[in-house]
Amino acid sequence: MSANDRLARHFEAIANLMQLLGEDGFRVNAHTRAARVLGDLSTDASSLDRKTLLEIEGIGPKIADKIIEFISSGSTAEFADLNAKVPPGLLPLLEVPGLGPKTLRTLWTEGGIVDEASLRASIADGSILKLPRMGAKSVEKLRQSLDFARTVHARIRLGQAMPIAEHIVARMKAQKGVVRAAFAGSARRGRDTVGDLDILVSTSDADFKNEALVAPISALFRAMPEVRHVLASGDTRSSIQFALNAEDQRWGATESENPDANKGQVKGPVIQVDLRIVPECSFGAALAYFTGSKDHNVHMRERALSMGMTLNEYGLYPDDSSEEPPHKRGVTPVAGTTEESIFAALKLPYIPPEIREDHSEFNLNATPTLITIADIKAELHAHTTASDGRMSIIELAERAKARGFHTITVTDHSRSSAQANGLSIERLLEHIDSIHAARAQVPGITILAGSEVDILADGSLDYPDEILAKLDVVVASPHTALSQEPATATARLLKAIMHPLVHILGHPTGRLINRRPGLEPDMAALIAAAKKNNTALEINAHWMRLDLRDVHARATVEAGALLSINCDVHEAEDYDNLKYGVLTARRAGAVAESVINTWPAEKLHAWLKTKRR
DNA sequence: GCCGTTTTCGGCCCGACTGTTTTCAGTCG
């Protein structure tokens with residue numbers, strides 16, 4: 001875990017303890033916010049001095065001091081004080097859905113409940129019913145939540161969640177009376193994992209007033225064959241658990257990841273999906289609202305207030321400081337049909353969903369021209385049947401050409417990757433000849449000979465320099481020794497970045513999302529070296545990897561170093577993962593120019609040759 | 001505990017839903 005992640009967890013723990021101790025909610029919020037800011041920071045917080053820390057929005061003098069204390073000692077006195085006052089088994093219960101800090105505090109202070117065992121015991125003997133606001137229904141819900149808790153909060157990888165979202169949206173669009181349908185939430189923002197899916201559907205304004213037209217849309221949603229459990233059911237709002245397809249992926253991505261998922265009514269991995277139905281005039285407001293992020297929304301609403309307006313999921317309204325919400329009183333909204341109208345009314349440029357994280361998007365003067373899938377003109381990391389790919393050189397190239405690419409590079413594994421059928425030097429030399437021979441068979445695209453060369457544990461490369469020099473493209477990637485100490489990993493990767501024959505550092509950390517954390521190098525040092533040595537850092541687009549991850553890609557963009565988005569193609573379908581890599585780059589604020597795969601052929605080929613002199 | 005095109009003190013986003021309540025507290029997104 002990185003230093004930033006450790007800090008984020010520490011402040012999150014402080015906030016949770018404060019809540020259980022009944023401390024001021026605004027102080028709690030300040031710590032929660034600090035935790036989020038630290039977790040999203042693109043630079044290593046432990047490298048920042050107090051003055052720099054204070055420049056970060058959401059970090060003031062007190063929290064800055066605590067950050068410094070944590071970095072030097074590994075904890076804080078405040079945490080120790082708070083932690084000593086709360087039973088150790090209490091904190092995990094905050095994860096139980098529907099059980100919040102206020103209720104948990106009451107259970108503890110008035111009911112003597114200190115952990116899951118004593119909570120279950122007090123439910124079993126009925127003593128919990130004597131506590132305030134604890135009726136039969138609440139207790140039954142709580143009992144069910146305890147059983148479901150383990151299965152619900154696992155976040156699902158973007159590449160598994162998004163196809164489900166698209167599938168449900170398509171189904172909803174086909175339903176009578178539906179005008180528009182879209183998915184929102186963190187899937188729309190392109191986060192590497194999502195907690196749940198938010199599906200938004202609109203009907204015409206007239207239809208929306210007719211319950212007999214709206215209710216069947218919700219009913220259809222709840223009746224989909226993949227629904228395993230209905231969590232809430234209303235006319236305009238429903239929640240379900242949707243079964244994930246346990247298909248066999250390259251990494252067996254869905255196999256046995258929710259060991260507790262087979263308890264109760266749920267079979268196999270599931271994802272929660274929420275549906276909201278709104279009238280067409282509110283679709284933009286609702287889309288913005290459910291896309292979030294939460295912090296971005298808070299900022300938007302504060303901005304609306306400062307401009308004499310109030311913003312909710314139904315629209316942007318003049319603020320008349322009335323008690324009842326404006327949409328219930330028939331107030332005409334200033335904006336709401338489209339997201340664009342809301343940003344415009346708040347005197348903001350349109351902010352793309354991927355950067356709605358309340359980082360610096362409110363300082364923008366114009367909509368940034370973030371990179372798009374259409375900008376990508378080359379795939380620089382692809383495997384064939386020579387190592388562990390499924391396609392021949394010809395098929396690989398034809399597929400790339402069909403996507404409008406001007407260049408495809410064949411980068412099979414190097415000799416140390418025995419499990420991936422890595423090429424010996426002799427086989428590599430033959431393979432280069434085969435690649436050259438293939439050029440005549442697939443005109444209209446440049447086929448380059450390369451290799452995905454293992455970066456060995458000590459930072460040396462898997463082929464000698466005289467062999468690497470024969471290749472048009474060298475992608476150097478770590479595949480083994482992925483549990484190295486950060487300092488060792490940094491030195492190892494720096495060696496590869498500075499190697500004069502290396503073009504691209506492939507999947508720099510080697511992480512597999514929800515599977516293994518990978519290396520934790522000093523990313524600022526890698527980025528600085530990449531810029532100095534004119535080496536590109538890869539965003540590996542496979543949804544299991546997304547490596548670089550968003551915040552590191554952002555740091556790369558901010559430093560002015562080069563990125564390369566690659567699908568790491570093993571089979572034809574892998575080309576479709578490009579969208580996840582592009583979403584990650586967009587979250588980083590990347591424009592096309594900073595990604596070498598967008599460059600025209602002449603420019604890209606010339607750049608590759610700069611490492612061959 | 002943070003922050004400032006009303007403010008260095010006094011604020012700090014909005015609505016739906018649920019269950020427990022006779023008017024609201026708590027949770028969630």
Side-chain angles (χ1 to χ4, degrees), chain A residues 11 14-15 18-19 22-37 53-67 78 94-107 129 131-142 145 152-153 184-186 194-200 231-239 272-278 282 285-286 288-317 319 321-329 346-347 358 362:
Chain A
F11 281 97
I14 288 177
M18 283 178 160
Q19 285 191 301
E23 295 203 18
D24 173 51
F26 295 113
R27 285 188 65 221
V28 174
N29 275 346
H31 285 82
T32 307
R33 187 178 181 203
R36 179 188 62 80
V37 167
L53 286 170
L54 285 173
E55 287 167 6
I56 301 170
E57 190 120 334
I59 294 184
K62 295 241 178 67
I63 287 185
D65 287 341
K66 285 185 231 177
I67 293 170
E78 178 170 36
L94 272 179
E95 301 292 320
V96 178
L99 185 56
K102 301 265 177 66
T103 308
L104 192 50
R105 176 171 167 75
T106 305
L107 295 178
L129 290 163
L131 298 173
R133 306 191 63 80
M134 274 294 149
K137 279 193 172 179
S138 297
V139 171
E140 175 55 21
K141 270 193 148 178
L142 182 54
S145 283
V152 174
H153 63 78
S186 47
V194 305
D196 58 19
L197 292 173
D198 299 284
I199 308 288
L200 201 59
L231 301 167
S233 67
D235 287 347
T236 62
R237 189 170 170 175
S238 289
S239 269
Q272 180 171 332
V273 187
D274 299 329
L275 173 75
R276 280 290 289 253
I277 304 177
V278 296
S282 293
Y289 181 86
F290 289 102
T291 296
S293 66
K294 186 172 163 52
D295 296 290
H296 171 90
N297 285 352
V298 169
H299 201 131
M300 289 283 281
R301 285 193 288 260
E302 284 173 349
R303 186 179 179 96
L305 278 182
S306 75
M307 293 171 69
M309 293 178 276
T310 180
L311 177 64
N312 60 31
E313 63 262 55
Y314 296 96
L316 181 65
Y317 298 88
D319 187 13
S321 59
S322 163
E323 285 276 317
E324 198 182 2
H327 64 278
K328 290 197 171 174
R329 291 177 284 124
L346 292 175
K347 302 205 184 311
D358 193 22
F362 291 100

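The chains referred to below are lettered A, B, ... by the order of the sequence lines, with proteins before strands, and numbering in each begins at 1.
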With a 4.0 Å limit, can you tell me whether [X] has a side-chain N or O closer than that to the phosphate oxygens OP1/OP2 of [N]?
| X | N | result |
| --- | --- | --- |
| A:S306 | B:dT5 | no |
| A:T310 | B:dC13 | no |
| A:K141 | B:dG19 | yes |

Base, sugar-phosphate, or nothing: which does [X] touch, judged by heavy atoms less than 4.0 Å apart?
| X | value |
| --- | --- |
| A:K66 | sugar-phosphate |
| A:P132 | nothing |
| A:A136 | sugar-phosphate |
| A:N29 | nothing |

Which class fits the ring pair A:H299 and A:F362: parallel under 30°, tilted 30 to 60°, perpendicular over 60°?
parallel
Using the P atom as the reference point in each nucleotide, state the distance between B:dT7 and B:dG11 in Å, no decimals.
14 Å
With rounding to whole Å, what would you report as the distance between B:dT23 and B:dC17 at their P atoms?
23 Å
Not counting sequence neighbours, which residues clear side chain to side chain donor-acceptor pair (under 3.5 Å) with A:D196? List them please.
none
Among side-chain atoms of A:D274 and A:S239, is any donor-acceptor pair under 3.5 angstrom?
yes
Are A:F26 and B:dC2 stacked, counting the six-membered base ring, centres under 5.5 Å, planes under 30°?
no
Calculate the interatomic distance between [X] atom [atom1] and [N] atom [atom2]; express it in whole Å.
| X | N | atom1 | atom2 | answer |
| --- | --- | --- | --- | --- |
| A:L305 | B:dT6 | CG | C1' | 13 Å |
| A:R133 | B:dG19 | CZ | P | 12 Å |
| A:L142 | B:dG26 | CG | P | 16 Å |

At less than 3.5 Å, do the side-chain atoms of A:Y314 and the base atoms of B:dG15 form a donor-acceptor pair?
no
Go through residues 293-301 of chain A and report each residue with a non-hydrogen atom lying under 4.0 Å from DNA chain B, sorted by number.
A:K294, A:V298, A:R301
Which one, B:dG15, B:dG19, B:dG26, comes nearest to the side chain of A:T103?
B:dG26
Lys/Arg-Asp/Glu bridge criterion (N-O < 4.0 Å) met for A:D295, A:R36
yes
